[in-house]
Asker: 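Got a structure here, written out as structure tokens. Questions coming.
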Amino acid sequence: MERTLAIVKPDAVARGKIGEIMRRFEEAGLRISALKMVRLNKRQAEEFYHVHRARPFFDSLTTFMASGPVAVLVLEGEAAISTVRTIMGATDPARASPGTIRRDLGTSIEQNAVHGSDSRESAGFEVSYFFRGAETFDYDRVDRRGGG
Ligand code: CDP
Ligand code: MG
């Protein structure tokens, strides 16, 4: 079992896509083990994205991430990190595969609807950035096979 952090970014929250994005994760068999809404301030967005601090897009990205509330979730499952990255699609919605979240819901390389951790190391940092242990939950998915 692996854990990863996903964020429904401010653009997707504003366009009413929280449910649509969570549905795609759940339908891939991932378990939502924590979730909440947060409004990051600029400094918090900079902390969260500190690995990108030297990148030319850092100021614009962190301003965008602080521009409105986000929905933050911990997703758990086999190979959860790569599964989420596949469902999200490539960073640039124009280059993302058809059927991915970013292709369907993203509007620009910056406003690309969703974030997902890219490694076990970043997932560890990102989950603990938003959630304490008592805020994540273990439960069994009891999906009916073939029934939906
Ligand atoms: O989110 P992902 O891991 O796919 O991409 P990243 O390279 O870690 O970049 C983090 C975020 O910065 C992206 O999701 C975009 O929102 C933004 N970005 C941007 O605005 N312009 C770029 N050229 C690259 C990324
Ligand atoms: Mg990344």
Side-chain angles (χ1 to χ4, degrees), residues 1-139 141:
M1 278 294 159
E2 200 171 67
R3 296 207 305 179
T4 190
L5 186 94
I7 303 178
V8 181
K9 293 185 177 183
D11 58 321
V13 172
R15 292 167 61 235
K17 301 301 182 188
I18 296 174
E20 166 70 20
I21 290 170
M22 294 204 304
R23 183 186 64 75
R24 292 181 185 216
F25 290 141
E26 284 192 311
E27 287 191 352
L30 293 159
R31 184 173 70 209
I32 296 174
S33 51
L35 73 114
K36 64 179 164 189
M37 290 188 76
V38 179
R39 172 80 188 254
L40 295 171
N41 63 34
K42 174 84 156 121
R43 199 166 56 83
Q44 291 167 328
E46 289 170 359
E47 266 169 23
F48 179 78
Y49 275 119
H50 71 278
V51 295
H52 292 315
R53 63 194 174 280
R55 301 290 203 90
F57 57 81
F58 183 68
D59 185 58
S60 180
L61 169 65
T62 53
T63 297
F64 161 59
M65 290 300 289
S67 69
V70 296
V72 191
L73 41 156
V74 177
L75 297 165
E76 227 166 346
E78 296 264 330
I81 294 168
S82 62
T83 300
V84 166
R85 299 283 306 184
T86 300
I87 296 167
M88 282 181 3
T91 307
D92 183 353
R95 292 166 181 270
S97 298
T100 61
I101 292 171
R102 284 167 162 174
R103 175 67 165 261
D104 292 347
L105 304 175
T107 50
S108 71
I109 193 166
E110 178 180 270
Q111 303 204 6
N112 57 7
V114 69
H115 167 85
S117 309
D118 66 1
S119 66
R120 286 199 174 199
E121 186 191 9
S122 64
F125 164 74
E126 292 177 2
V127 168
S128 61
Y129 187 81
F130 285 106
F131 295 100
R132 300 182 167 280
E135 294 178 306
T136 67
F137 298 89
D138 273 335
Y139 60 94
R141 287 277 300 258

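Whatever order the structure lists ligands and atoms in, that order sets their numbers, starting from 1.
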Asker: Would one find an N or O of Tyr49, backbone or side chain, under 3.5 Å from an N or O of ligand 1?
Answerer: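 Such a contact does not occur with ligand 1.
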Asker: Where is the nearest protein heavy atom to atom 17 (C) of ligand 1: which residue, which atom, and how far?
Answerer: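 Atom 17 (C) of ligand 1 sits closest to the protein heavy atom Leu61 CD1, 3.8 Å.
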Asker: Hey, what do you get for OG (Ser128) to CZ (Arg3), rounding to the nearest 0.5 Å?
Answerer: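 Here the rounded value is 9.0 Å.
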Asker: Out of curiosity, Arg39 CZ to Ser67 OG, how far, rounded to the nearest 0.5 Å?
Answerer: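 Between atom CZ of Arg39 and atom OG of Ser67 there are 6.5 Å.
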Asker: If we only consider heavy atoms of His115, is any one of them less than 4.0 Å away from an atom in ligand 1?
Answerer: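 So His115 does not count as touching ligand 1.
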Asker: Quick one: does ligand 1 sit under 4.0 Å from the side chain of Asp118, the backbone, both or neither, non-hydrogen atoms only?
Answerer: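 Neither part.
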Asker: With no hydrogens and no angle check, do the side chains of Ser119 and Ser122 hold a donor and an acceptor under 3.5 Å apart?
Answerer: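 The criterion, which ignores hydrogens and geometry beyond distance, is satisfied for Ser122 and Ser119.
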Asker: Got a second to check how far Phe48's CZ is from Leu61's CG, nearest 0.5 Å?
Answerer: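 Between atom CZ of Phe48 and atom CG of Leu61 there are 9.5 Å.
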Asker: Counting both backbone and side chain atoms, is some N or O of Arg85 under 3.5 Å from an N or O of ligand 1?
Answerer: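 So ligand 1 has an N or O lying under 3.5 Å from an N or O of Arg85.
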Asker: So, are Arg43 and Glu46 salt-bridged, with charged N and O less than 4.0 Å apart?
Answerer: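 Answer for the salt bridge query: no.
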Asker: Between Thr136 and Glu76, is there a side-chain heavy-atom distance shorter than 4.5 Å?
Answerer: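 SC-SC contact between Glu76 and Thr136 ruled out.
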Asker: For Glu26, does its backbone N or O pair with a side-chain atom of Arg141 as donor and acceptor, under 3.5 Å?
Answerer: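 Checked: pair present.
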Asker: Rounded to the nearest 0.5 Å, what separation is found between the OG1 atom of Thr4 and the CD atom of Glu126?
Answerer: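 The OG1 atom of Thr4 sits 7.0 Å away from the CD atom of Glu126.
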Asker: For ligand 1, find out whether one of its N or O atoms is nearer than 3.5 Å to an N or O atom of Arg55.
Answerer: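 No; the residue has no nitrogen or oxygen that sits under 3.5 Å from a nitrogen or oxygen of the ligand.
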Asker: Taking Ile101 as the fixed residue, which of Ile87, Val84, Val8 is the one that meets the side-chain contact (heavy atoms from CB on, under 4.5 Å) rule?
Answerer: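 Testing Ile101 for a side-chain contact (heavy atoms from CB on, under 4.5 Å) against Ile87, Val84, Val8 leaves exactly one candidate, Ile87.
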Asker: Is the NZ or CZ atom of Lys36 positioned over Phe131's six-membered ring, under 6.0 angstrom from the centre and within 45° of the axis?
Answerer: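 Because its charged atom sits under 6.0 Å from the ring centre and within 45° of the axis, Lys36 does stack over Phe131.
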Asker: Quick one: does ligand 1 sit under 4.0 Å from the side chain of Ile109, the backbone, both or neither, non-hydrogen atoms only?
Answerer: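 The answer is both.
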Asker: Among protein heavy atoms, which sits nearest to atom 22 (C) of ligand 1, and what does the distance come to when rounded to 0.1 Å?
Answerer: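 Sorting protein heavy atoms by distance from atom 22 (C) of ligand 1 puts Phe57 CD2, 3.4 Å first.
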Asker: Under 4.0 Å, heavy atoms only, figure out whether ligand 1 is touched by the backbone of Met65, its side chain, both or neither.
Answerer: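 Neither; nothing of Met65 gets under 4.0 Å from ligand 1.
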Asker: For atom 1 (O) of ligand 1, grab the closest protein heavy atom and report residue, atom and distance to one decimal in Å.
Answerer: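 Here the closest protein heavy atom is Arg102 NH2, 2.9 Å.
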Asker: Number the atoms of ligand 1 from 1 as they appear, then name those within less than 4.0 Å of a heavy atom of Asn112, with their elements.
Answerer: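 In order of number, 13 (C), 14 (O), 15 (C), 16 (O).
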Asker: Among Asp11, Ile7, Asp92, Thr91, which one puts a heavy atom closest to atom 5 (O) of ligand 1?
Answerer: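 The residue whose heavy atom sits nearest atom 5 (O) of ligand 1 is Thr91.
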Asker: Do any nitrogen or oxygen atoms of Gln111 come within less than 3.5 Å of a nitrogen or oxygen of ligand 1?
Answerer: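 No, since none of the N or O atoms of Gln111 sits under 3.5 Å from an N or O of ligand 1.
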Asker: To which protein heavy atom is atom 6 (P) of ligand 1 closest, and what is the distance rounded to 0.1 Å?
Answerer: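 Closest protein heavy atom to atom 6 (P) of ligand 1: His52 NE2, 3.6 Å.
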Asker: Under 4.0 Å from any heavy atom of Lys9, which atoms of ligand 1 are there?
Answerer: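 Matching atoms, with element in brackets: 13 (C), 14 (O), 15 (C), 16 (O).
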